Protein chains: 2
Amino acid sequence: MGERNIKALQECGIRVTPQRAHVWGVLAESGGHFTAEEIWERAGALLPGLELSTVYRSLEALGDAGLVAESRLPEGPRVFEARSSSHPHLVCVVCGGISHPDADDIGRRLLETLNAASEGFEVSEMHVAGRGVCARCAADG
Amino acid sequence: MGERNIKALQECGIRVTPQRAHVWGVLAESGGHFTAEEIWERAGALLPGLELSTVYRSLEALGDAGLVAESRLPEGPRVFEARSSSHPHLVCVVCGGISHPDADDIGRRLLETLNAASEGFEVSEMHVAGRGVCARCAADG
DNA sequence: CTTATTGCAAAAAATTTGCAGGTAA
DNA sequence: TTACCTGCAAATTTTTTGCAATAAG
């Protein structure tokens with residue numbers, strides 16, 4: 001499901017297989033964050049017989065191709081998402097939801113801030129996870 | 001080994017055992033970052049028979065007491081360290097070494113930066129890991 | 001004394017790997 | 001055709017848990 005998804009893989013120069021296309025489809029069409037197991041469940045619903053190990057291998061290939069980014073949050077297994085730019089993750093300690101800051105230049109700002117404070121160490125990439133309370137949970141009380 | 005270490009545990013109000021004292025000793029006396037297994041090896045050298053599961057349980061107790069902080073770096077198992085203030089980690093992609101930025105207010109600065117960009121989400125705690133090249137490896141060429 | 005902690009063993013959770021057959025380019 | 005990818009099975013790695021014995025306060 002997704003001419004567009006297949007095209008994205010082709011353009012990256014990686015071999016296109018149904019498994020990879022569906023793994024990518026889950027991430028690209030939802031825009032959300034998923035563990036390998038969640039991706040496996042969703043993609044597997046459309047592609048019976050899909051193995052979890054294949055999902056891991058697909059995610060690695062997609063990551064190498066630059067389409068997918070992975071994050072390690074303060075708790076739980078790794079999560080994967082369609083790569084946009086490098087950005088922080090906000091994990092709500094109440095509902096567990098994962099979101100992103102509004103400002104889309106925040107990644108660059110944080111990188112500049114960190115680099116300025118790290119004399120002698122050239123930071124090229126940053127992994128940021130904030131823990132706190134999201135607006136909805138704060139409103140609920 | 002370490003009246004001082006034992007005192008630190010007592011002051012936190014947690015039960016003092018040789019196991020906890022040695023686990024804490026490894027972190028407090030070195031100031032470095034260690035995986036649970038590394039702590040187990042070091043503490044176990046001084047306390048034969050120490051179990052890895054006990055190290056994990058000790059780390060949890062020390063963490064709850066506020067003495068120890070844990071981090072999840074972009075790769076590898078969790079690392080633990082004596083807690084100072086919340087600060088970023090810098091992982092060198094060449095030598096694998098873990099260090100901290102020079103500026104000691106960087107943790108607060110990053111938190112303010114992130115909070116300002118996250119309207120509606122109250123960030124209380126931040127996990128930051130930068131990847132790049134440390135000064136030594138940059139110099140080596 | 002009373003409750004928390006440990007060692008031991010086993011399990012759970014997360015991820016990786018070897019290999020033989022199948023498939024994309 | 002030819003190298004790469006997949007399913008399948010099994011192994012690794014990292015972390016957690018149950019339980020009886022032990023030790024801390």
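Small disclaimer: the values here were computed from a predicted structure and weren't measured.
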Quickly work out the [X] [atom1] to [N] [atom2] distance and round it to whole Å.
X: A/E60; N: D/dC4; atom1: CD; atom2: P; value: 14 Å
X: A/L59; N: C/dA14; atom1: CG; atom2: P; value: 15 Å
X: A/H22; N: D/dG7; atom1: NE2; atom2: C1'; value: 17 Å
X: B/I39; N: D/dT14; atom1: CD1; atom2: C1'; value: 14 Å
X: B/L9; N: D/dG25; atom1: CG; atom2: C1'; value: 14 Å
X: A/E51; N: C/dT16; atom1: CD; atom2: P; value: 15 Å
X: A/Q10; N: C/dA24; atom1: CD; atom2: C1'; value: 11 Å
X: B/E11; N: D/dG25; atom1: CD; atom2: C1'; value: 17 Å

Nearest-nucleotide comparison on DNA chain D, the residue closer to the 5′ end among B/P18 and B/E37: B/E37

Which is more 5' along DNA chain D, the nucleotide nearest B/I14 or the one nearest B/A36? Just name the residue. B/A36

Just to confirm, is there a sub-4.0 Å distance from OP1 or OP2 of [N] to any side-chain nitrogen or oxygen of [X]?
X: A/Y56; N: C/dT15; value: yes
X: B/S53; N: C/dG7; value: no
X: A/Q19; N: C/dT23; value: no
X: B/R78; N: D/dT14; value: no
X: A/T17; N: D/dT6; value: yes

Quick one: which residue pairs count as a salt bridge (Lys or Arg N to Asp or Glu O under 4.0 Å) with a foot in residues 99-110 of chain B, not counting sequence neighbours? B/D105-B/R109

Under 3.5 Å donor-acceptor, [X] side chain and [Y] backbone:
X: B/R131; Y: B/V93; value: no
X: B/N5; Y: B/A21; value: no
X: A/R78; Y: A/A36; value: no
X: B/W24; Y: B/I6; value: no

Base, sugar-phosphate, or nothing for A/L50, non-hydrogen atoms under 4.0 angstrom? sugar-phosphate

Under 4.0 Å, heavy atoms only, any strand: does B/R57 hit a base, just the sugar-phosphate, or nothing? base

Are more than 12 heavy atoms from other residues, nucleotides or ligands located less than 6.0 Å from atom CD of B/E75? no

Report, as yes or no, whether the 6.0 Å neighbourhood of atom CD on A/Q10 holds more than 12 heavy atoms from other residues, nucleotides or ligands. yes

Compare the minimum distances between each of D/dG7, D/dT15, C/dT15 and the side chain of B/L52, then state the nucleotide with the smallest one. D/dT15

Between C/dT15, C/dA24, D/dT15, which nucleotide has the shortest distance from any of its atoms to the side chain of B/P77? D/dT15

Is A/R15 side chain donor-acceptor paired with the D/dC4 base, going by distance under 3.5 Å alone? yes

Numerically ordered, the residues 64-76 of chain B set in heavy-atom contact under 4.0 Å with DNA chain D is none

Parallel under 30°, tilted from 30 to 60°, perpendicular over 60°: which one fits the rings of A/H100 and A/H87? tilted

